[in-house]
There are 2 protein chains.
Amino acid sequence: MDELQLAEQMLSCVTKMRRALDERLKVYGLSVPRKRVLGALTEGPVRQGTLAAAFAVTPRTITELVDGLQRDGLVERRDDPADRRARLVCLTPAGRLADEQAKAARAEVIGGMFADLPAEDRAALARILTSIDHRLGAVPLDERTR
Amino acid sequence: MDELQLAEQMLSCVTKMRRALDERLKVYGLSVPRKRVLGALTEGPVRQGTLAAAFAVTPRTITELVDGLQRDGLVERRDDPADRRARLVCLTPAGRLADEQAKAARAEVIGGMFADLPAEDRAALARILTSIDHRLGAVPLDERTR
DNA sequence: TATTGTTATACTCTATAACTATA
DNA sequence: TATAGTTATAGAGTATAACAATA
């Protein structure tokens with residue numbers, strides 16, 4: 001099965017990438033989901049419900065993640081002046097620092113992956129992945145915040 | 001960052017693929033790791049330690065997975081006649097059936113992903129992924145059993 | 001009535017460490 | 001002394017369901 005092998009190669013690459021990333025993020029007390037939350041807060045406070053929708057997880061999952069990040073002093077919860085039911089999550093200075101360090105670590109890992117890949121291969125890869133991505137359905141997550 | 005975007009596209013594709021797979025496997029009481037174990041047993045009984053090495057996880061993780069699969073009647077543990085410390089894991093008829101159904105479901109999901117991709121794009125993708133995979137380090141897992 | 005986020009509860013996958021049985 | 005796999009314990013990430021406060 002040709003297709004199965006392609007899928008396995010993609011899985012293999014991504015698995016290794018995630019492992020490498022997790023390894024690097026651990027230094028800053030982060031994980032991929034935790035980093036994803038921090039990354040979503042750099043522009044300013046965000047509601048928990050918005051985060052849940054952005055990452056396509058349940059509100060419960062966000063409660064859990066934010067609890068942990070708050071415990072570690074990386075984020076704060078504030079009341080939303082516009083809706084007293086809602087909570088706004090925002091970065092602390094420590095959280096902003098961790099996010100920036102994590103961003104640099106991530107760039108390093110990913111840079112290593114594609115380092116020697118010729119420009120035309122990058123273009124081809126981007127084009128092919130885009131078409132596969134579309135075939136798999138509309139983008140439900142804000143992948144840019146990973 | 002061009003490279004970051006490529007990485008995000010790969011993550012997005014694989015995330016969606018995993019979700020689609022998980023959704024389909026759930027019907028058979030399986031998950032991706034559980035299916036992976038079943039798939040490794042189709043040729044015959046395998047020691048737990050061998051499974052741990054093949055998937056690059058700790059023996060503890062295999063104990064957990066095999067416990068669950070055994071509870072559901074999909075695998076059995078047997079004594080290894082060659083080493084009384086070791087346990088051989090083997091498929092039950094129900095496990096073999098589940099594995100085959102899961103395989104078909106997987107082929108369907110993956111077939112859909114690559115359905116309309118031209119042959120030259122498949123070849124390019126395979127070549128590029130192979131080079132990235134190598135750059136990420138030697139293959140520690142038996143990816144074929146996924 | 002509907003929505004926001006919490007508690008309560010539970011499952012899967014993963015890990016480390018200590019231990020038992022065997023080699 | 002080393003190995004195979006278990007118990008014991010833990011933690012992250014995820015889910016559903018019931019509920020409180022608010023809209």
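Labels below follow one simple rule: chain letters A, B, ... track the order of the sequence lines, proteins then strands, and each chain is numbered from 1. Any value given below was found using the heavy atoms of this structure, including those in side chains, with hydrogens, waters and symmetry copies removed.
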>> If we ignore hydrogens and angles and just use 3.5 Å, is the side chain of A:R122 paired with the main-chain N or O of A:L117 as donor and acceptor?
In response: yes
> C:dT6, D:dT6, C:dT4: which one has an atom nearest the side-chain heavy atoms of B:T63?
Replying inline: D:dT6
> For A:I62, which contact category applies under a 4.0 Å heavy-atom criterion: base, sugar-phosphate, or nothing?
Replying inline: nothing
> C:dA21 C1' sits how many Å from B:D80 CG, rounded?
Replying inline: 14 Å
> Taking only side-chain nitrogens and oxygens of B:T58, does any of them come within less than 4.0 Å of OP1 or OP2 of C:dA15?
Replying inline: yes
> Over how many whole Å does the gap from A:R87 atom CZ to C:dT3 atom C1' extend?
Replying inline: 15 Å
> Do B:R84 and C:dT22 have a side chain to base donor-acceptor pair shorter than 3.5 Å?
Replying inline: no
> Tell me: CG of B:D22 to C1' of D:dG13, nearest whole Å?
Replying inline: 13 Å
>> Mind checking if A:D83 touches a base, just sugar-phosphate, or nothing, with heavy atoms under 4.0 Å?
In response: sugar-phosphate
> Nearest to the side chain of B:L65, which nucleotide is it out of D:dT14, C:dT14, D:dA4?
Replying inline: C:dT14
>> Suppose the criterion is salt bridge (charged side-chain N to carboxylate O under 4.0 Å, His left out): which pairs have a residue in residues 44-62 of chain B, not counting sequence neighbours?
In response: B:R47-B:D80, B:R60-B:E64
>> Does A:E43, at its CD atom, have more than 12 non-hydrogen atoms belonging to other residues, nucleotides or ligands within less than 6.0 Å?
In response: no
> Which sits closer to the 5' end of DNA chain D, A:R71 or B:G49, going by the nucleotide each is nearest to?
Replying inline: B:G49
>> Could you check whether any side-chain N or O of A:R135 sits under 3.5 Å from a backbone N or O of B:M113, counting only pairs where one atom can act as donor and the other as acceptor?
In response: yes
>> What is the distance, to the nearest angstrom, from the CD atom on B:E64 to the C1' atom on D:dT6?
In response: 12 Å
>> Expressed as a whole number of angstroms, how long is the span from A:R85:CZ to C:dA2:C1'?
In response: 8 Å
> What is the distance from CG of B:D67 to P of C:dT14, rounded to the nearest Å?
Replying inline: 14 Å
> If you check the B:Q48 side chain, which of C:dT14, D:dT6, C:dG5 turns out closest?
Replying inline: D:dT6
>> From CG of A:L21 over to P of D:dG13, roughly how many Å is that when rounded to an integer?
In response: 14 Å
>> Determine whether A:V89 and A:I62 satisfy the following criterion, side-chain contact (heavy atoms from CB on, under 4.5 Å), listing intermediate values before the conclusion.
In response: CA-CA 10 Å; A:V89 189; A:I62 297 299; 5.8 Å; no
>> Regarding B:R60, tell me which of base, sugar-phosphate or nothing describes its non-hydrogen contacts under 4.0 Å with the strands shown.
In response: base
>> Rounded to whole Å, how long is the line connecting atom CG of B:L25 with atom P of C:dT12?
In response: 14 Å
> Under 4.0 angstrom, heavy atoms only, what part of the nucleic acid is A:S31 near: base, sugar-phosphate, or nothing?
Replying inline: sugar-phosphate
